[in-house]
Amino acid sequence: MKMNFKKLVLASLLAAGFCFQLSADDAKVISLVGQANFDKMLADSKNHIMYTSEEMNSKLTLLPKSTYSSKITGGRIPRQEKNFSYLCENLYYLKKDFLLKQSGSSAKDITIDDVAKVCRSVSKMQGMMYHSSTKKKDMVLYKKCYMVSGLGSKDPIPDQNTGNANGQVSYCLQDDNSFGENTYKLSYFQEGDTLLMEFLILDKMGFLGVYPIKPEKMKINVLVTDCGDSLLLYLCTDLDAENPILVKKQIPESMGERMDAIYKWFIKQF
């Protein structure tokens, strides 16, 4: 009986030590996303989970707790009952050593300032690849991508990517392989260990001469939190589109492909 008790105590101490080690590495991530979502990310080969909804009153289910959570929640795209509503959330747990290896970098760390520079270097999105489920092959997503001086301008300006990003408002033009040229307003917020970038479409978007997504009816949020030895990346596409019958299949496929392309681009920029 004494031996069994000693074994039990030893097992308990080992378990406590393991939990302490796990807590020391990942407690911050768990506090932001919850234990259940953390476990789901670890169970995936990309440390990734996704949620989509076509409900008019969809809720954000993967949004981490952060300085900017209320801003993202309060900035949802308004829905109209007759339209097609779409929400796509992606959550990634990214170890910094993995990101540095992907980029072939000799750096020893990644800071939130590094993230701010990456998220403002929009010209580096030009030529990024995506996998087209329609054509069943990898293709260039953005034939052109660069910052412009404002709505209506098509002349490139240098990336505005120096200093703290908080409060910065920029504009960019993207020539999408499927949707053509579109202009976005880019709003940046940076505080402490967290960065938020908002892409808001400023002109109509569509394909085959039909433009179901109207100005300011689509927003992409990129939220990044520095968690010590890892980054927590949250990508969210939120939109309301006309012509539901036409776009019901096209939009989920296209936006899913583009979110995956942004992830693949992001992990190679450091």
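What you see below is based on every heavy atom in this structure, not just the backbone, and it leaves out hydrogens, waters and symmetry mates. This one's a predicted model, so the numbers in the text were calculated from it and none came from an experiment.
A donor-acceptor pair under 3.5 Å links the side-chain atoms of Asn182 to the main chain of Lys204, judged by distance alone. Under the 3.5 Å distance criterion, the side-chain polar atoms of Gln160 are matched with a main-chain donor or acceptor of Pro158. Checked by atom type and distance alone, the side chain of Trp265 never pairs as donor or acceptor with a backbone atom of Met129 at under 3.5 Å. Looking only at distances, no side-chain donor or acceptor of Tyr130 sits under 3.5 Å from a matching main-chain atom of Tyr142. A donor-acceptor pair under 3.5 Å is absent between the side-chain atoms of Ser121 and the main chain of Lys124, judged by distance alone. Within the 3.5 Å criterion, the main-chain N or O of Phe270 finds a donor-acceptor partner in the side chain of Ser103. In terms of modelled atom types and a separation under 3.5 Å, the side chain of Glu242 and the main chain of Pro212 share no donor-acceptor contact. In terms of modelled atom types and a separation under 3.5 Å, the side chain of Ser85 and the main chain of Gln80 share no donor-acceptor contact. A donor-acceptor pair is defined here as one N or O able to donate and one able to accept, closer than 3.5 Å; such a pair exists between the side chain of Lys96 and the backbone of Ile110. No donor-acceptor pair closer than 3.5 Å links the side chain of Lys82 to the backbone N or O of Pro244.
Taking OG1 of Thr194 as the start and CG of Asn166 as the end, the distance is 11.0 Å to the nearest 0.5 Å. Distance check, rounded to the nearest 0.5 Å: OG of Ser254 to CZ of Phe179 gives 4.0 Å.
With 3.5 Å as the limit, one finds a donor-acceptor pair spanning the side chains of Ser123 and Asp159. Side-chain contact, Arg120 with Thr162: no donor N or O sits under 3.5 Å from an acceptor N or O. Between the side chains of Asn90 and His48, at least one donor-acceptor pair of N or O atoms lies under 3.5 Å. For Glu89 and Thr61, the side-chain atoms include at least one donor-acceptor pair closer than 3.5 Å. Thr52 and Glu54 are not linked by any side-chain donor-acceptor pair at a separation below 3.5 angstrom, with hydrogens and angles left out of the test. In summary, the side chains of Asp114 and Gln269 do not present any donor paired with an acceptor at a separation below 3.5 Å, with no hydrogens or angles considered.
The cluster map of Ile, Leu, Val, Met, Phe, Trp and Tyr, joined by side-chain heavy atoms under 4.5 Å apart, puts Tyr188 and Ile157 in the same cluster. Hydrophobic clustering of Ile, Leu, Val, Met, Phe, Trp and Tyr side chains at less than 4.5 Å, counting indirect connections, unites Ile30 with Tyr234. Under the 4.5 Å side-chain heavy-atom criterion for grouping Ile, Leu, Val, Met, Phe, Trp and Tyr, Phe199 is not connected to Tyr211 through any hydrophobic cluster.
With salt bridges taken as basic N to acidic carboxylate O contacts below 4.0 Å, one links Lys264 and Asp260. The pair Lys185-Glu216 does not meet the salt-bridge criterion, since no charged nitrogen lies less than 4.0 angstrom from a carboxylate oxygen.
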Could you give me the CA-CA distance, side-chain angles and deciding distance for Glu181 and Lys154, then say whether salt bridge (charged side-chain N to carboxylate O under 4.0 Å, His left out) is met?
CA-CA 10 Å; Glu181 291 187 0; Lys154 294 189 177 183; 3.0 Å; yes
What do the steps show when you test Asp240 against Lys214 for salt bridge (charged side-chain N to carboxylate O under 4.0 Å, His left out), and what is the final call?
CA-CA 8 Å; Asp240 182 69; Lys214 302 305 181 186; over 6 Å; no
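Here the rule is side-chain contact (heavy atoms from CB on, under 4.5 Å) with Cys236, and of Leu63, Leu223, Leu87 only Leu87 fits it. Asp238 pairs with exactly one of Lys59, Lys217, Arg79 by the salt bridge (Lys or Arg N to Asp or Glu O under 4.0 Å) rule, that one being Arg79.
Taking the centre and axis of the six-membered ring of Tyr92, the NZ or CZ atom of Lys46 falls outside the cone set by 45° and 6.0 Å.
In plain terms, the two heavy atoms of Asp138 and His131 that are nearest each other are OD1-ND1, 2.9 Å.
Between Phe84 and Tyr86, the two ring planes are parallel [angle under 30°; tilted spans 30° to 60°].
Taking the centre of each ring, Tyr171 and Tyr184 stay at or above the 6.0 Å mark.
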